[in-house]
2 protein chains.
Amino acid sequence: MELTEKQREILRYIEEFAGENGAPPTIREIGSRFSLSSTGSVRDHLKALAAKRYIECIPGKSRGIKLLRKTRLSSIPVAGRIVAGAPGLATENIDGEIEVGERLAGRGSFALRVKGDSMAGAGIQEGDYVIVHQQSTCEQGEIVIAMTGDEATVKRFRRKGKKIILEPANPAYSPIETDGDVRIIGKVVGLIRYYK
Amino acid sequence: MELTEKQREILRYIEEFAGENGAPPTIREIGSRFSLSSTGSVRDHLKALAAKRYIECIPGKSRGIKLLRKTRLSSIPVAGRIVAGAPGLATENIDGEIEVGERLAGRGSFALRVKGDSMAGAGIQEGDYVIVHQQSTCEQGEIVIAMTGDEATVKRFRRKGKKIILEPANPAYSPIETDGDVRIIGKVVGLIRYYK
DNA sequence: TTGACAACCACACATTTGTGCGGTAATATT
DNA sequence: AATATTACCGCACAAATGTGTGGTTGTCAA
C-alpha cells in the first residue's frame, strides 16, 4: 500500500530521529515537530503507518515505535568493477551496496570490486571488495586507487623524485611510471572478501 | 577508566536491548532484568557508566540512554585463542569485537586474527581477520579452521580416501596429513583487512 | 580509624507518555 | 445523499518512567 505525503514525512522523521538519538520519538515529540497540537492526530498517522506495515506500535511502551523496514546506516556504495591488471574503464555506476563496520564507513568512502590479479602479492584477489576513502594525496607505499588517463587501477603508490610510480604486487606485471599526471582517487583502507 | 563486572554486564544488556528493540531499555526494565528492586540501584550503575563516558543520560527523557561507543548488533567476537577440547568459544578467550555486515554475522560466527603467512598464496595475510562460521563438517577445497593437537590453524581442507589433508597456500610450508583425527571448528566465510 | 567506592534497598513525587473518546472539516468515491 | 479517507483538535486519565532523598553493607586503601 502506498503512503501519503504526510505519512512519508512522518516516517522519515521517525527514521532520522531514531538514527540520531538511538531511540524513536514519542508521540508528542512527533506532534511538536509537525505542529500537531493533539496527540490524537499523531496517533492517526501512526495507526496508518502500522496498518501499512511500515512500523509496529508496542502497546504501553514509551517510544514504542518499531521500524519494520530498517534503512541500514553503515552501508556504502559499490562502484563498478575496477581493473587491477589489464586496462579498462572506470564506471561511475553504482553497483549496489555493501555493509561495512563503522570503522570503514567514513565520509566519502566507497567500495570497489577488484578485477585481475595484479595485486595478488599483496593479498588482493579478484572479486575482493576494497574499501576506499576518497582523498587526493597519499603517502609512500600506500595502496591507492589511481586514474591514469581514463583507467582506474589499484596499485601501491611510490614517489621517486618527480616521478610517480604505480607498483603492482605481481611479477607478471610492470610498474606504471608517470611524470605526475596521475589522479589519486583515494586510499585503500580495508578489504572484504566473501567465501562461498 | 575500567568498567566493573556488573557495569559491563549492564552495558552489554543495554546494547543488546537497543539492537533488538530499536530503543534502549528503561530504568525499570534494566532493574527487572538484573533483579534490582530499586530504581536507585540501576541509576547508580547508569551514573557510573555515564561518568566513564560509555553512555549519556538525557535528563527527563524516557529511555534517555545514549550509547556513546556504539557497537551495532552486527559485531562478532574476536577469538583470542582457541583451546583444544573446548566446544565453541570460551568467554575468557574473547579478544574484543569486530564489526561486520549482516552477511557475515550469521549465528555462531566469530572472527580470528591470522598469524603467520602459511596462507599467503590464497590472499590471507598476517593480521587479517577471517570470519568463521562454526560447523564441524566441510567440503573439499574449502578454507577451514581446524584443530590439530592443541593448535588452531587456517588451512585448505582436502580429503583423500581416509586421509584428511590440511593444505597451506605457501610453498614454504608442508601440508598436514592426518588419519582423520582433526576437529573442524568452522569454515572461513569472509575476510576483513584494515590498512593503516 | 577514616574515607572512598561499589552495590544494593525503599519510597514518595513529578513528569512524561501512551490511551480512550469524542469532536470538526475537506475531499473523494459509491 | 451516504460513506470512506485523510487530517486535524481537545481533554481527561492511567500507566510508564525519570528524579530525589535517605538509608545499609561490604571492601579496599591511606
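Residue numbering restarts at 1 for every chain, and letters A, B, ... go by the order of the sequence lines.
- Mapping B:G60 and A:H45 onto DNA chain D by nearest heavy atom places A:H45 at the nucleotide closer to the 5' end.
- Look at CG on B:L49: it is 13 Å from C1' on C:dA7, rounded to the nearest Å.
- Within the 4.0 Å cut-off from OP1 or OP2 of D:dC8, at least one side-chain nitrogen or oxygen of A:K6 is found.
- The interatomic distance linking B:K61 (NZ) with C:dG18 (P) rounds to 11 Å, in whole Å.
- Between the P atom of D:dA7 and the CZ atom of A:R43 lies a distance of 17 Å, rounded to the nearest Å.
- The phosphate of D:dG10 (OP1 or OP2) has no side-chain N or O of A:S38 nearer than 4.0 angstrom.
- Rounded to an integer number of Å, the gap from A:R63 CZ to D:dG18 P is 9 Å.
- Here D:dG18 presents its C1' atom at 11 Å from CG of B:L46, a figure rounded to the nearest Å.
- B:I27 has its CD1 atom 5 Å from the P atom of D:dG18, to the nearest Å.
- For the side-chain hydrogen bond (donor to acceptor under 3.5 Å, both in side chains) test, residues two or more places apart in sequence or in another chain that qualify with B:R158 are B:E167.
- In this structure, CZ of A:R28 is placed 11 Å from P of C:dT19, rounded to the nearest angstrom.
- For residues 133-142 of chain A, every residue pair satisfying the salt bridge (charged side-chain N to carboxylate O under 4.0 Å, His left out) rule, not counting sequence neighbours, is listed here: A:E142-A:K187.
- Looking at residues 29-37 of chain B, you'll see B:S35, B:L36, B:S37 sit with a heavy atom under 4.0 Å from some atom of DNA chain C.
- Considering only side-chain N and O atoms, A:S41 lies nowhere under 4.0 angstrom from the phosphate OP1 or OP2 of D:dA7.
- No more than 12 heavy atoms of other residues, nucleotides or ligands sit less than 6.0 Å from atom CZ of B:R159.
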Side chains of residues 24-43 of chain A: which donor-acceptor pairs under 3.5 Å do they make with residues two or more places apart or in other chains?
from  : atom 1 : to    : atom 2 : distance (Å)
A:T26 : OG1    : A:E29 : N      : 3.1
A:T26 : OG1    : A:E29 : OE1    : 3.4
A:E29 : OE1    : A:T26 : N      : 2.8
A:E29 : OE1    : A:R63 : NH1    : 2.8
A:E29 : OE2    : A:R63 : NH2    : 3.3
A:E29 : OE2    : B:K61 : NZ     : 3.3
A:S38 : OG     : A:G40 : N      : 3.1

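- Qualifying salt bridge (charged side-chain N to carboxylate O under 4.0 Å, His left out) partners for B:K6, counting only residues two or more places apart in sequence or in other chains: none.
- Axis angle, first five pairs versus last five pairs of the helix from C:dT1-D:dA30 to C:dT30-D:dA1: 30°, rounded to 10°.
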